[in-house]
Asks: 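One structure coming up, written as structure tokens, with questions to follow.
It should be emphasised that the depicted structure is a prediction, and the values quoted were computed from it without experimental measurement. Numbering of ligands and ligand atoms starts at 1, following listing order.
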Amino acid sequence: VAVEARKSDLEGADLASRLATEKIDVSLTVRPEQSGSLHPISQTIEEVVAIFGPMGFEVAEGPDIEFDANNFTKLNFPPDHPAREMHDTFFLPVQEDGSRHLLRTHTSPVQVRVMESTKPPIRILAPGRTYRCDYDLTHTPMFHQVEGLAIDTETHMGHLKGCLIEFVKAYFEVEELPVRFRPSFFPFTEPSAEMDIGCSWSDGELKIGAGGDWMEILGCGMVHPNVLKACGLDPDVYQGFAFGMGVERLAMLKYGIPDLRRFFDADLRWLKHYGFSALDLPSLSGGLSR
Ligand code: DAH
């Protein structure tokens, strides 16, 4: 039977009965998907790596299930410090020896693993999944971060600022992008800062670039001497900087994606709308995004 049917015609509860009664040959009537596409999270991570790669940063990875020590203690979170509570941690059951594993609450434990296993100079970028027990408009229990770490004998705050200013300009593709560093607190850095980029809001629409407003984009600082010591590096010889940022937030800001929760719905229509060509890898020379 020659039946002209679009894919949408074939969907729905009556599909099975129509297939039976109308003898529709599905192989003839359903057009195949034209192509797959890259999820905005993957795209954003590729873009961040494409920018930091030429600055000498290599990608490093760590496990999603971490030791409490790597996630907290060696990063200078004192035992029972309220910062541990702030991370809304998913803990695994306490083991016989009293230790407990957890789902890493940030990508910073990759810093620990790299410092413990590598002799400086170190320049790494660690993208990956992170977990916190939180769910609302702006939080999902699983999300992504990218961590950066640079350790050498003479690394200073000027290097940190230079790298991060170059990064935000390249990522948002705005040459005259105003930035500011605000003093902040993280247990694993001293001094610590948060970096804001300039933006403006008009008619409810956000524009990245010069304007009256500021938007927080990442946390950063000089690696705390206690962290260097805990990872076996002599703080009188080595120093360095670190930074961390949320991948969903970067993607939402650049690509105008309004609702965080849709990232993880696996909704094909959403992916078609926000997805990227899988063959079009971002590079500084070829262009970061399409
Ligand atoms: N780990 C921090 C968080 O999850 C982010 C962060 C801030 C990472 C400052 C860093 C840093 O490496 O230097 O909120």
Asks: Would you say Phe264 ends up clustered with Tyr274 if hydrophobic residues are merged whenever their side chains have heavy atoms under 4.5 Å apart, either directly or through other cluster members?
Replies: yes
Asks: Just which atoms of ligand 1 are under 4.0 Å from any heavy atom in Gln145?
Replies: 3 (C), 4 (O)
Asks: For the pair Phe72 and His106, name the ring-plane relationship: parallel under 30°, tilted 30 to 60°, perpendicular over 60°.
Replies: tilted
Asks: Would you mind listing which atoms of ligand 1 come within a distance below 4.0 Å of any non-hydrogen atom of Gly221?
Replies: 13 (O)
Asks: Could you tell me whether Glu216 and Arg249 have a side-chain N and a carboxylate O separated by less than 4.0 Å?
Replies: no
Asks: Would you be so kind as to tabulate the donor-acceptor pairs closer than 3.5 Å made by side chains of residues 225-238, with sequence neighbours excluded?
Replies:
unit_1 : atom_1 : unit_2 : atom_2 : d
Asn226 : ND2    : Asn76  : OD1    : 3.1
Asp234 : OD1    : Asp236 : N      : 2.8
Tyr238 : OH     : Lys119 : NZ     : 3.3

Asks: Closest non-hydrogen protein atom to atom 12 (O) of ligand 1, residue and atom name please, with distance?
Replies: Glu147 OE2, 2.6 Å
Asks: List ligand 1 atoms under 4.0 Å from Thr189, heavy atoms only on the residue side.
Replies: 13 (O)
Asks: Starting from atom 11 (C) of ligand 1, find the nearest protein heavy-atom neighbour and note its residue, name and distance.
Replies: Phe188 CE1, 3.5 Å
Asks: Which ligand 1 atoms are under 4.0 Å away from a heavy-atom of Gln111?
Replies: 12 (O)
Asks: Check ligand 1 against Ser108 and write out every atom of the ligand that is under 4.0 Å from a heavy-atom position of the residue.
Replies: 1 (N), 8 (C)
Asks: For atom 14 (O) of ligand 1, which of the options Met245, Arg132, Glu194, His224 provides the nearest non-hydrogen atom?
Replies: Arg132
Asks: Has ligand 1 got any nitrogen or oxygen that is less than 3.5 angstrom from a nitrogen or oxygen of His106?
Replies: yes
Asks: If you have a sec, work out which protein heavy atom is nearest atom 13 (O) of ligand 1 and how many Å separate them, to one decimal?
Replies: Ala242 O, 3.1 Å
Asks: When hydrophobic residues are tied together by side-chain contacts of less than 4.5 Å, even through go-betweens, does Trp214 share a cluster with Ile165?
Replies: no
Asks: For the pair Arg123 and Glu58, find out whether any cationic side-chain nitrogen is under 4.0 Å from an anionic carboxylate oxygen.
Replies: no
Asks: Does atom CG of Leu92 have more than 12 heavy-atom neighbours from other groups under 6.0 Å away?
Replies: yes
Asks: Which of parallel (below 30°), tilted (30 to 60°) and perpendicular (above 60°) describes Phe52 and Phe243?
Replies: parallel
Asks: To check your reading of the model: name the closest protein heavy atom to atom 5 (C) of ligand 1, its residue, and the distance in Å.
Replies: Gly244 CA, 4.2 Å
